[in-house]
There are 2 protein chains.
Amino acid sequence: MRRNLTVYDIAAEAGVSVATVSRVLNNNDKVAENTRYKIQSIIDKYDFKPNEVARSLFKNETKLIGCILPDITNPYYSTVLLEAEKYALMNGYTMMICNTRGDSDNYAMYLQTLVERQVTGIIYMGGESVETMQLHQLLKKYEDRLPIVMINWSMQDINCFCVQSDEEQGFLMLLDQIAKEGYRDVALLAGKRGVMPTELKVSLYQEAVRKGIFNEREEYLIDGEFSVEYGMKAMKQLLSLPVRPEVVIGINDIIAVGILNACHMHKLSVPEDIKIVGFDNINLSSVVYPSITTIGHDYENLARKAVDLIIDKTALVKRERIFTFPMEYICRESF
Amino acid sequence: MRRNLTVYDIAAEAGVSVATVSRVLNNNDKVAENTRYKIQSIIDKYDFKPNEVARSLFKNETKLIGCILPDITNPYYSTVLLEAEKYALMNGYTMMICNTRGDSDNYAMYLQTLVERQVTGIIYMGGESVETMQLHQLLKKYEDRLPIVMINWSMQDINCFCVQSDEEQGFLMLLDQIAKEGYRDVALLAGKRGVMPTELKVSLYQEAVRKGIFNEREEYLIDGEFSVEYGMKAMKQLLSLPVRPEVVIGINDIIAVGILNACHMHKLSVPEDIKIVGFDNINLSSVVYPSITTIGHDYENLARKAVDLIIDKTALVKRERIFTFPMEYICRESF
DNA sequence: TTGTAAGCGTTATCAA
DNA sequence: TTGATAACGCTTACAA
């Protein structure tokens, strides 16, 4: 429980000044070879490591990245975080994590905390649609002060960085694959309405119906929330219809798993009796049987870009704010 | 992009000294009501927040908790982390996360980094059996200097805190439930041998066989690794046996999902044709169909205890090092 | 090549 | 009740 060593202790034992110790520590400045050797061996002897907090204070740079997200338990977020952390590590940065857990007050509170802790930048992943006034004000206040990167999220009127998947391209690719195989009775379980990603996909689906690519059946579009339970329930509803769909799209993989569960329950074989596709390519979709065909984010590049924007000190003064990455069709067993 | 405000700026504008500003900030010391008001209104005006790094340096206390774990994408770890973070937040602590991603060198490196960053304490969750010499040395070096809490993990010869589930009680409870229902042909897919949790469960299973509670069939104990793929493969092997087991135990839920997949593939109904149980109660086990009966950790209390040990400055000088929490039988559809 | 000293932004001690 | 000042542990001008 003894006090930590400091550069003063090392300097004293080596009979030099702290400045010289610091020079050895950062081996940038010129130090005589034998002085360096003497100091280095004392450093090694005690395995001395400089206090990063003091360093951060002096340099006004913590090499800390804060990450605000709804729930790390959700594989979509944990995959992004894993990739971000991997890349941050390579660059000497450490990640701090903040789970808002669906409480919209937490967003503002965490944002505040991270700024007070002088993080270099913040990765922000929204999930709920609720935006408090306070959050909005804080983002406005900080948007020019430190890099805030929203991944697959954006907010009206806020000029933060935005790193996103091209969900339009991704979803169109999915509809295309379905159309290409000649299916016309296609249902969409849309989850929670009113948030941007849902509305985008719903309108693309409706456009396909309007264009006559899919048959028009109002009962084939069901909304609710983003959960396995909802997927099961809505799927049961579809299965009780006089004309069953040939393909059911879960607007995300979580819902697709619910759809799959309902099929198992009704002893339907997938993909023989009915086909299922999802969206997001969370690891869950590859783990169930049959594995789910889906559209995948480029998790690695999304995360790397976000970290890059935080690390690169010149990013804030550049004009570019939005970075879009293509999505990928991942063919598995369910379609 | 302008410089952050400091207590000096506030003091200057209020015409007082920084000491008084600091007193208002921490409202402990006595400050005249009208001085306080004047200062507070300037603080409010700029929404001034003190620099936490400077605070940490002075107080020699960062209120940071580091968490080292194999892979946040694994729901077991993310659930613990979620609970820990929730409780840390309530106490003004922030979590840092370090994914070792199966690279045993990373454990030592992250441990080092966290200590340099002066975290208040470290939560450590191992996963691989590989322990480097270096890691062992570092743990020995730091075990008395700051609280290091291992959750469901321990290391020979290391005197860190150990917060654990009573896996013996949990697994016995599982075997009991199976025996109580009168099943005697019970298989165990054991995953990776050689690590403590596996060996414990295998020996409890073997003891049940020796006692004649379960029938002795060597082919019913298969080892491999902790993955869905292994679970499927091993289950297929079981299904090709002349006498199929009535119940198959996955040593964890991941493997149990693989077992379930193999059943779906073979068009077997669960639990009608064959029963499945898992272990850990990760969220995955409740999401598949049929949902998997399992033994659950007390995630909340494990995490809270770990955080408590870090927060409580007196814990290190106390003698108690091991804290055990009972596990829970969670009855679902697969058994 | 090395040392002295100032400064990073706080808080706490001591004196006024 | 308030202010001056040292201290936390480091780095970097600047001087020697």
Side-chain angles (χ1 to χ4, degrees), chain A residues 2-40 42-43 46-64 92 113 115-120 145-146, chain B residues 2-40 42-43 46-64 92 113 115-120 145-146:
Chain A
R2 69 201 166 293
R3 193 181 61 82
N4 270 317
L5 287 179
T6 73
V7 282
Y8 285 90
D9 301 307
I10 305 296
E13 183 158 341
V16 297
S17 78
V18 290
T20 310
V21 174
S22 178
R23 285 183 190 112
V24 172
L25 246 20
N26 299 283
N27 60 317
N28 35 16
D29 238 328
K30 310 238 163 292
V31 177
E33 208 31 71
N34 57 338
T35 327
R36 153 163 279 124
Y37 179 80
K38 187 172 56 183
I39 295 174
Q40 188 61 55
I42 296 173
I43 289 175
Y46 295 112
D47 192 28
F48 168 75
K49 304 286 179 199
N51 180 325
E52 275 300 330
V53 174
R55 263 191 174 157
S56 296
L57 179 60
F58 180 85
K59 297 212 173 161
N60 194 24
E61 154 66 328
T62 53
K63 286 194 171 267
L64 243 29
T113 305
V115 172
E116 285 168 33
R117 285 188 179 279
Q118 314 289 122
V119 295
T120 305
R145 217 190 281 180
L146 81 171
Chain B
R2 68 202 167 294
R3 195 180 60 82
N4 269 317
L5 287 178
T6 73
V7 281
Y8 284 91
D9 302 307
I10 305 296
E13 182 158 342
V16 296
S17 78
V18 290
T20 310
V21 175
S22 178
R23 285 191 264 260
V24 172
L25 245 20
N26 300 283
N27 60 319
N28 36 16
D29 238 328
K30 310 240 163 287
V31 178
E33 209 30 72
N34 55 339
T35 329
R36 152 163 281 124
Y37 179 82
K38 188 171 54 185
I39 295 173
Q40 187 62 54
I42 296 173
I43 290 174
Y46 296 111
D47 192 28
F48 168 76
K49 304 285 178 201
N51 180 325
E52 275 299 330
V53 174
R55 264 193 175 156
S56 296
L57 178 61
F58 182 84
K59 297 212 171 162
N60 194 23
E61 156 64 334
T62 55
K63 288 196 171 264
L64 243 28
T113 304
V115 173
E116 286 168 33
R117 284 189 179 280
Q118 314 290 120
V119 296
T120 306
R145 217 190 281 181
L146 82 170

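Numbered from 1 within each chain, the chains take letters A, B, ... in sequence-line order.
Counting only heavy atoms from C-beta on, B/P50 has its side chain closest to C/dT10 among C/dT2, C/dA5, C/dT10. Distances from the side chain of A/L25 to the nucleotides D/dT11, C/dA12, D/dT2 place D/dT11 closest. When distances are taken from the side chain of A/T20 to each of C/dT2, C/dT11, D/dC10, the shortest belongs to C/dT2. If you check D/dG9, C/dG3, D/dT11 against the side chain of A/V18, the one that comes closest is D/dT11. Checking C/dT2, D/dG3, D/dT12 against the side-chain heavy atoms of A/T35 singles out C/dT2 as nearest. With D/dC10, D/dT12, D/dG3 as the choices, the nucleotide that has an atom nearest any side-chain atom of A/A19 turns out to be D/dT12. If you check C/dG9, C/dT13, C/dC8 against the side chain of A/F58, the one that comes closest is C/dC8. Closest contact between the side chain of A/N51 and the listed nucleotides D/dT2, C/dT10, D/dG9 involves D/dG9. Side-chain proximity of A/S22 to C/dG9, C/dT10, D/dT12: nearest is D/dT12. Here the side chain of B/V16 is nearest to one of C/dT10, C/dA12, D/dG3, namely D/dG3.
Distance CZ (B/R23) to P (D/dT1): 10 Å, rounded to an integer number of Å. Summarising the geometry, the separation between NZ on B/K59 and P on C/dG9 is reported as 18 Å, rounded to the nearest angstrom. Atom CG in A/L57 sits roughly 8 Å away from atom C1' in C/dT10 (whole-Å rounding). Taking atom CD on A/E116 and atom P on C/dG9, their separation rounds to 15 Å, with Å as the unit. Taking atom CD of A/E33 as the reference point, atom P of C/dT1 lies 10 Å away to the nearest angstrom. Nucleotide D/dT1 holds its C1' atom 10 Å from the CG atom of B/N34, rounded to whole Å. One can place CD1 of A/I39 at 13 Å from P of D/dT11, the figure rounded to the nearest angstrom. Atom CG in A/N60 sits about 6 Å away from atom P in C/dG9, given to the nearest Å.
With rounding to the nearest 0.5 angstrom, the CZ atom of A/R117 is 6.5 Å from the OG1 atom of B/T62.
Taking side-chain N and O atoms only, B/S17 has a distance below 4.0 Å to OP1 or OP2 of D/dG3. Look at B/R55 and you won't find any side-chain N or O under 4.0 angstrom from OP1 or OP2 of C/dG9. Contact annotation: A/N4 does not reach the phosphate of D/dG9 (side-chain N/O to OP1 or OP2, under 4.0 Å).
Across the interface with DNA chain D, nearest-nucleotide mapping of B/A32 and A/V21 shows B/A32 to be the residue nearer the 5′ end. Projected onto DNA chain D by closest heavy-atom contact, A/F48 and B/G15 fall at different nucleotides, the more 5' of which corresponds to B/G15. Nearest-nucleotide assignment on DNA chain C puts the 5′-proximal partner with A/K30, out of A/Y8 and A/K30.
Side-chain contact between B/F48 and B/I42: absent, with no pair of heavy atoms (C-beta onward) separated by less than 4.5 Å. Side-chain atoms of A/N51 and A/T6, non-hydrogen and from C-beta on, never get closer than 4.5 Å to each other. Counting only heavy atoms from C-beta outward, the side chains of B/Q118 and B/L64 never approach each other to under 4.5 Å.
Under the 3.5 Å distance criterion, with hydrogens and angles disregarded, a donor-acceptor pair is assigned to the side chains of B/N4 and A/R145.
Listed for the A/R23 side chain is no donor-acceptor partner under 3.5 Å among the backbone atoms of A/R36.
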